Amino acid sequence: MNRLNFSIQIHAPKEKVWKTLLEDETYRQWTSGFCEGSYAETDWSEGGSARFLDKDGNGMMSQITVHRPNDYLEIKHLSFIMKDPEAMEGVDEEEWSGALEIYRVEEHEGTTTLVVESDIDDKCKEMFEETWPKALQKVKELSEK
């Protein structure tokens, strides 16, 4: 498992960036680069569950382990949800179990730095190295509107 780190500068208050990350409409927009039709079923509450799904209902079951609004979010991935087992072909569920995804925002003089840390298995590393920067660019565009 690799921990990938990404960051982007956004000319918007951190509250707006946070809202862009988590609100259903904008979440669907910025995550579409990973998989068209992606969405989350969660209320983002600390200790609560989250289902991150594609348009066909395949995805990940996760837990929100830490949520400090407008500051820090930590998500622990627990298992796959596979309505279509072929959709996850070649991906090792055991390796992904326990993987973390962390979001941090810091604001300084009207500019917010969004930092994402994501545990990625070797098979998916190259794909996420390409898609995470695009996703963060979309968060920037949506937040700066």
Side-chain angles (χ1 to χ4, degrees), residues 1-83 87-88 90-93 95-145:
M1 190 67 64
N2 302 282
R3 171 125 339 151
L4 301 181
N5 294 281
F6 304 94
S7 66
I8 193 165
Q9 302 292 312
I10 302 172
H11 299 289
K14 68 180 186 175
E15 293 82 6
K16 185 163 186 193
V17 174
W18 202 257
K19 185 176 177 181
T20 300
L21 284 171
L22 304 185
E23 214 169 62
D24 183 57
E25 180 183 349
T26 50
Y27 178 88
R28 289 173 185 259
Q29 291 176 54
W30 74 262
T31 60
S32 67
F34 297 112
C35 182
E36 194 63 42
S38 294
Y39 64 101
E41 292 180 347
T42 184
D43 65 2
W44 301 106
S45 63
E46 188 168 299
S49 66
R51 293 166 29 107
F52 299 101
L53 303 167
D54 68 13
K55 64 182 176 10
D56 298 320
N58 298 300
M60 297 284 291
M61 174 60 78
S62 304
Q63 181 181 32
I64 309 300
T65 52
V66 180
H67 186 184
R68 294 190 304 263
N70 305 312
D71 179 46
Y72 184 91
L73 177 68
E74 183 179 281
I75 301 165
K76 182 177 184 179
H77 299 299
L78 304 173
S79 63
F80 288 123
I81 299 167
M82 292 185 259
K83 289 192 174 188
M88 300 299 200
V91 179
D92 185 352
E93 182 172 11
E95 190 168 344
W96 277 95
S97 182
L100 295 179
E101 200 167 300
I102 298 167
Y103 299 81
R104 289 182 284 126
V105 292
E106 299 171 6
E107 186 178 349
H108 182 70
E109 296 181 6
T111 299
T112 298
T113 302
L114 169 60
V115 177
V116 176
E117 298 177 46
S118 186
D119 292 341
I120 306 294
D121 76 348
D122 290 333
K123 293 178 193 113
C124 298
K125 182 180 178 204
E126 188 175 311
M127 187 258 309
F128 280 108
E129 286 176 330
E130 184 178 312
T131 53
W132 263 116
K134 292 176 183 177
L136 294 183
Q137 183 61 40
K138 188 66 175 178
V139 172
K140 177 181 174 75
E141 291 169 14
L142 293 165
S143 296
E144 291 180 348
K145 280 187 180 179

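By convention here, the first residue in the shown sequence is residue 1. Please read these numbers as outputs of a predicted model, since none were measured by experiment.
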For this session: Indicate whether any N or O donor in one side chain lies under 3.5 Å from an N or O acceptor in the other, for Q9 and T113.
Result: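 Yes, a side-chain donor-acceptor pair sits under 3.5 Å.
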
For this session: Start with the C-alpha gap between R3 and I102, add the side-chain angles, then the distance that decides, and say whether side-chain contact (heavy atoms from CB on, under 4.5 Å) holds.
Result: CA-CA 10 Å; R3 171 125 339 151; I102 298 167; 3.9 Å; yes

Run the salt-bridge test on [X] and [Y] with the 4.0 Å N-O cut-off and return the result as yes or no.
X    : Y    : value
D121 : K125 : no
K145 : E141 : no
E117 : R104 : yes

About how many Å separate [atom2] of [Y] and [atom1] of [X], when rounded to the nearest 0.5 Å?
X    : Y    : atom1 : atom2 : answer
K19  : L142 : NZ    : CG    : 12.0 Å
L73  : L21  : CG    : CG    : 8.0 Å
T112 : H108 : OG1   : NE2   : 11.5 Å

Exercise. What pairs of residues pass the salt bridge (charged side-chain N to carboxylate O under 4.0 Å, His left out) test when at least one of them lies in residues 40-49, not counting sequence neighbours?
Worked result: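 For residues 40-49: E41-R51.
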
Under the 3.5 angstrom rule, does the side chain of [X] hit a backbone N or O of [Y] as a donor-acceptor pair?
X    : Y    : value
W44  : L22  : yes
S7   : V115 : no
D56  : N58  : no
T65  : E74  : yes
E107 : K14  : yes
D119 : L100 : yes
T42  : S49  : yes

Can you name the closest pair of heavy atoms from [X] and [Y] and give their distance?
X    : Y    : value
A50  : I64  : CB-CD1, 4.0 Å
G57  : L53  : O-CD2, 3.5 Å
Y103 : I75  : CE1-CD1, 4.0 Å
R28  : S38  : CG-O, 3.5 Å
I120 : S118 : CD1-OG, 3.3 Å
L4   : F128 : CD1-CB, 4.2 Å

Exercise. Taking everything shown except K16 itself, do over 12 heavy atoms lie less than 6.0 Å from its NZ?
Worked result: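 Yes, the 6.0 Å shell around NZ holds more than 12 heavy atoms from other groups.
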
Heavy atoms, side chains only, cut-off 4.5 Å: are [X] and [Y] in contact?
X    : Y   : result
T31  : Y39 : no
Y72  : V66 : yes
E101 : H77 : yes

Problem set entry | Partner residues of K140 under the side-chain contact (heavy atoms from CB on, under 4.5 Å) criterion, sequence neighbours left out |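 Expected list: I8, I10, H11, Q137, E144.
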
Exercise. Can you list the residues that meet the side-chain contact (heavy atoms from CB on, under 4.5 Å) rule with A135, with sequence neighbours excluded?
Worked result: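 Only W30, F34, W132 meet the side-chain contact (heavy atoms from CB on, under 4.5 Å) criterion with A135.
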
For this session: Could you walk me through whether L78 and Q63 pass side-chain contact (heavy atoms from CB on, under 4.5 Å), step by step?
Result: CA-CA 7 Å; L78 304 173; Q63 181 181 32; 4.2 Å; yes

Problem set entry | E130 and K134: CA distance, side-chain angles, deciding distance, salt bridge (charged side-chain N to carboxylate O under 4.0 Å, His left out) verdict | CA-CA 7 Å; E130 184 178 312; K134 292 176 183 177; 3.6 Å; yes

